[in-house]
Amino acid sequence: MYGFEAMTFNIHGGYLEAIVRGYRSGLLSASDYNNLCQCETLDDIKMHLSATEYGPYLQNEPSPLHTTTIVEKCTLKLVDEYKHMLTQATEPLSTFLEYITYGHMIDNVVLIVTGTLHERDVQELLEKCHPLGMFDSIASLAVAQNMRELYRLVLVDTPLAPYFSECITTEDLDDMNIEIMRNTLYKAYLEDFYRFCQKLGGATSEIMSDILAFEADRRAVNITINSIGTELTRDDRRKLYSNFGLLYPYGHEELAMCEDIDQVRGALEKYPPYQSIFSRLSYGETQLLDKAFYEEEVKRLCLAFEQQFHYGVFFAYMRLREQEIRNLMWISECVAQNQKSRVQDSVVFIF
């Protein structure tokens with residue numbers, strides 16, 4: 001019942017909501033980013049991060065540091081926090097928290113399959129997988145030759161199994177099929193997560209519906225832009241769009257017919273939230289589109305913390321922390337490669 005969460009929410013969810021709001025207060029501030037952008041070496045970055053919640057994770061790392069080490073240790077902190085919340089959670093919050101990791105599982109499956117296709121070492125690929133998306137039989141993905149085998153040998157026992165029903169074919173795996181598989185899985189995952197949040201009702205349903213609808217729309221735009229000039233037909237493109245979101249269904253019809261970035265812009269400018277995103281970009285420009293979408297997403301995620309007694313804060317915190325890690329990776333790469341003039345290009349300020 002919407003509006004009555006306050007009566008019972010704290011019985012099971014109050015402690016963890018307090019925990020996640022405490023975690024959120026540890027996110028880097030604008031002054032932290034300004035100091036990080038002034039760093040001359042990766043050791044300077046480590047020194048500054050030692051005064052933040054990342055300090056204990058980086059303190060024993062010897063010099064010279066590498067960007068991958070910083071990202072790995074910062075991700076380890078996120079994983080530790082997630083595991084703590086998951087072990088304390090009861091239903092339906094525990095299922096909600098598990099849903100958050102399914103996106104990483106899909107990315108890991110695609111990473112292993114693509115790497116195997118290009119004859120990369122499986123152990124090396126496993127090290128690059130996101131720790132939140134690991135599952136027991138992930139190393140066995142390397143033996144699959146087509147999607148039917150991928151499902152039968154490995155994925156049938158994972159939470160991703162129901163999402164594979166739409167993309168099981170006997171075609172051999174190649175780069176195009178793998179990308180179609182990734183987007184088909186994401187579509188099924190987002191729709192399933194959306195239905196689950198609707199079932200929860202109340203403020204969780206309201207806040208998560210908005211965040212997931214934005215994610216579905218962003219994926220639709222990215223699929224359209226990335227498939228321009230490829231052999232993907234309009235019908236194939238339309239099948240990869242999620243069946244919800246602000247753009248569903250009429251915006252999807254227009255996007256399916258777009259042949260260049262300016263037509264995509266024309267289709268989206270009819271929707272006020274996306275008109276404001278494209279108003280910051282000049283015509284034909286796509287490089288800054290990702291950053292503009294990330295900034296809009298961060299704005300929506302921060303708004304989730306303005307309301308109490310809902311599960312949206314857990315999703316919002318995980319996404320904000322992941323954005324922070326992307327920011328740290330970009331700053332570290334710019335410092336390591338002596339490209340400090342570009343350090344502000346991809347940093348998305350959270351507060």
Side-chain angles (χ1 to χ4, degrees), residues 1-27 78-79 81-106 132-133 159-160 162-163 185-220 241-248 273 293-324 350-351:
M1 291 187 297
Y2 186 60
F4 289 89
E5 294 92 342
M7 293 172 66
T8 58
F9 184 89
N10 283 346
I11 298 170
H12 296 295
Y15 168 70
L16 278 178
E17 188 184 358
I19 287 286
V20 82
R21 287 179 185 275
Y23 285 159
R24 180 252 196 184
S25 66
L27 291 168
L78 173 66
V79 172
E81 290 171 344
Y82 172 81
K83 285 180 177 173
H84 174 69
M85 291 190 291
L86 187 62
T87 52
Q88 299 285 337
T90 55
E91 285 293 342
L93 178 55
S94 55
T95 302
F96 181 90
L97 288 172
E98 283 167 4
Y99 265 106
I100 295 173
T101 64
Y102 294 173
H104 294 300
M105 280 190 193
I106 293 169
L132 284 178
L160 300 182
Y163 308 150
L185 287 174
Y186 252 105
K187 173 192 173 181
Y189 157 60
L190 286 174
E191 288 175 359
D192 189 29
F193 197 7
Y194 183 80
R195 282 192 298 271
F196 177 74
C197 292
Q198 293 285 303
K199 210 188 302 177
L200 289 175
T204 300
S205 170
E206 180 192 10
I207 288 161
M208 285 304 299
S209 294
D210 178 62
I211 293 171
L212 291 174
F214 177 76
E215 177 71 16
D217 290 345
R218 177 170 62 178
R219 292 197 73 81
Y241 300 152
S242 300
N243 294 326
F244 67 98
L246 187 60
L247 299 178
Y248 175 76
F293 271 126
Y294 279 134
E295 286 171 342
E296 178 65 24
E297 182 187 35
V298 162
K299 203 187 302 176
R300 290 168 187 244
L301 295 172
C302 288
L303 283 175
F305 286 92
E306 299 299 314
Q307 225 169 316
Q308 280 184 294
F309 311 122
H310 66 91
Y311 295 158
V313 287
F314 297 95
F315 183 85
Y317 171 72
M318 297 294 288
R319 281 300 179 88
L320 288 173
R321 188 63 87 177
E322 284 169 18
Q323 180 59 55
E324 183 172 278
I350 293 172
F351 298 117

Exercise. Do Tyr23 side-chain atoms and Leu78 backbone N/O form a donor-acceptor pair below 3.5 Å?
Worked result: no
Exercise. Is there a side-chain contact between Arg321 and Glu81, using heavy atoms and a 4.5 Å cut-off?
Worked result: yes
Exercise. Less than 6.0 Å separating the ring centroids of Phe9 and Tyr311?
Worked result: yes
For this session: Classify the ring geometry between Tyr99 and Phe193 as parallel (under 30°), tilted (30 to 60°) or perpendicular (over 60°).
Result: parallel
Problem set entry | Partner residues of Tyr248 under the ring pair (Phe, Tyr, Trp, His ring centres under 6.0 Å) criterion, sequence neighbours left out | His252
Exercise. Would you say the side chain of Tyr82 lies within less than 4.5 Å of the side chain of Thr101, judging by non-hydrogen atoms?
Worked result: yes
Exercise. Can you tell if the side chain of Leu86 reaches within under 4.5 Å of the side chain of Lys83, non-hydrogen atoms only?
Worked result: no
Problem set entry | Sub-4.5 Å side-chain heavy-atom contact between Arg319 and Arg300 | no
Exercise. Met318 and His104: side chain to side chain contact (heavy atoms under 4.5 Å, CB included), yes or no, with the steps?
Worked result: CA-CA 12 Å; Met318 297 294 288; His104 294 300; over 6 Å; no
Exercise. Which atom pair, heavy atoms only, marks the closest approach of Tyr189 to Ile106?
Worked result: CB-CD1, 3.9 Å
Problem set entry | Heavy-atom pair with the smallest gap, counting every atom of Cys197 and Met208 | SG-CB, 3.7 Å
Seminar exercise, completed: Heavy atoms of Leu246 and Ala213 approach each other most closely as N-CB, 4.4 Å
For this session: Please determine if Glu295 and Lys299 form a salt bridge, counting it only when a charged side-chain N lies under 4.0 Å from a carboxylate O.
Result: no
